Protein chains: 2
Amino acid sequence: MIKAGFLQFDPALGDVAGNIAKVDALLDAASDIPDLLVLPELALTGYLLKNRAQAMDLADTADRGSQVEALQRWARSTGAVIVAGFPERDRDHVYNASILVTPAGDRHVYRKAHLFLNEKDLFDPGDTPLEPVDVDGVRIGMMICFDWYFPETARVLSLRGAEVICHPSNLVLSYCPDAMRTRCLENRVFAVTANRCGRDVASDGQELRYTGTSQITGPGGEILLRAGENESVLGAVSIDPAAARDKWITPRNGMHEDRRTDLYGPLV
Amino acid sequence: MIKAGFLQFDPALGDVAGNIAKVDALLDAASDIPDLLVLPELALTGYLLKNRAQAMDLADTADRGSQVEALQRWARSTGAVIVAGFPERDRDHVYNASILVTPAGDRHVYRKAHLFLNEKDLFDPGDTPLEPVDVDGVRIGMMICFDWYFPETARVLSLRGAEVICHPSNLVLSYCPDAMRTRCLENRVFAVTANRCGRDVASDGQELRYTGTSQITGPGGEILLRAGENESVLGAVSIDPAAARDKWITPRNGMHEDRRTDLYGPLV
């Protein structure tokens, strides 16, 4: 068993230092930090960046920058594996990425495959494989926000062995939490959707309101925990990742085994 | 616009003539028959067949037998395109199949790809492609009951142009109606899930209770109509199949166009 959780909060647009301080305070106030903790998409920069130059300006590389250093510090100080969204710079590329950091200093990056709306102006399309990583015997996959909409994302992660899908998000529509029940049910995996709450207001007055309701979903599609729409909260539950290794929903129906890859392509 | 509907009712196990009479009465009582009418899986035989010999014994071929003849008669007399589940015999094979019959006498058969539990003892696995058929300019796909569980089924049908997915079912678990919202949302298609109600009791005393709640779902994941759990009812709504041709959920995000088939296989 491990404890898996999300940190739902309200980052301020463009204020990385302030957002780091906000997370510091939330972690200090928490009585117990889970073994695996997921933060939202673009957790420390805010979402509604105005253009590619600003995304590039706020981006870290995978091994250097105030965001990844803060994430590494939290992993080390709490002993948790931490997953969070951040803008990642790699030479002249910038990605809407997610990083997994371990207390020991291992880092893995996933770059968002399916970019939403004007993200297409800000970020390069992700080029990392949908491949889970093994952390202390638990196979952890990452996908980011709008990736949920494409059944291929979670399907490929689960076919490659993901037991827990970490899902940093900045959701503005209400569909996702219920749809994650289907994503988990069809793949027999756990998912931790860490959404933000509050709103972003861009310099031109454009505003986005985020839907909160971060959720931990079980392999039977059950909602293990769902946060409120507008609360800053660290939510966590105990889960047994081994339960996601059993793909049999009846003694004769396996969610991987029963796929008819003679009638459709194998995906992986 | 067309009117699409389901006929939810309670077939008696093994009593084909009685079930045909039951549907006759339901259609006679209906004030209005939709252009497209979907009946449940194994609609005229009941579901809980005891073995392969009984399935074979009750099976029709695609062009001969009391079930397909009744379906053809209803299509002709009402002017509706009718889709219904039936056991289909083809030489020494027997399939859990669905047939689409038109008033003009065209017939198309789909054989269930993903067999549930003990269906594996009764039926051969389906060998027909997941390929929609064009009926009067509307592209109609078929899948049967447990096929919903596999995201590949509806995905492939929609990638091949299905606008309306007809989904004869005998559901015994409660997940499907809500999951169909995700199936339609992720593929921007309509779906008509025709479930049965009531129960089957086999000769050995085994009993299955069916969940009703037949549903018509729109391409935005909206529930257009949902039946009660235990009513015999013909339910129908007007739908515009052309709405399913538009896969764009934002001006820049198409549910087909945004697929990252460089990161995962194309499926079709």
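Chain naming here is simple, since letters A, B, ... match the order of the sequence lines and numbering starts at 1 in each. Values below: all heavy atoms of this structure, side chains included; hydrogens, waters and symmetry mates excluded. Every value quoted in this text rests on a predicted model; they were computed, and no experiment measured them.
- Here the closest heavy-atom approach between residue B:Gly126 and residue A:Leu263 is recorded as O-CD1, 4.0 Å.
- Inspection of non-hydrogen atoms places A:Ile249, A:Thr250, A:Pro251, A:Arg252, A:Asn253, A:Gly254, A:Met255 of residues 242-255 of chain A under 4.5 Å from chain B.
- Residue B:Thr128 touches chain A through its backbone alone, counting heavy-atom pairs closer than 4.5 Å.
- Under the ring pair (Phe, Tyr, Trp, His ring centres under 6.0 Å) criterion, B:Phe146 pairs with B:Phe116, B:Tyr149, B:Phe150, not counting sequence neighbours.
- If you measure heavy-atom distances from B:Leu130 to chain A, the contacts under 4.5 Å come from the side chain alone.
- For B:Glu88, the salt bridge (Lys or Arg N to Asp or Glu O under 4.0 Å) partners at least two apart in sequence or on another chain are B:Arg111.
- The minimum heavy-atom distance linking A:His114 with B:Asp258 is given by the pair CD2-O, 3.3 Å.
- Counting heavy-atom neighbours within 6.0 Å of B:Glu131 CD, excluding the residue itself, gives a total above 12.
- Scanning both residues, B:Thr182 and A:Thr182, for their nearest heavy atoms gives OG1-OG1, 3.6 Å.
- The candidate with the highest count of non-hydrogen atom pairs below 4.5 Å against chain B, out of A:Leu185, A:Asn118, A:Val268, is A:Leu185.
- In this view, A:Arg260 and A:Asp262 satisfy the salt bridge (Lys or Arg N to Asp or Glu O under 4.0 Å) rule, not counting sequence neighbours.
- Of the two parts of A:Asp147, neither the backbone nor the side chain holds a non-hydrogen atom closer than 4.5 Å to a non-hydrogen atom of chain B.
- Side-chain contact between B:Arg183 and A:Glu186: present, with at least one pair of heavy atoms (C-beta onward) separated by less than 4.5 Å.
- For the pair A:Arg155 and B:Leu267, the minimum side-chain heavy-atom distance is 4.5 Å or more.
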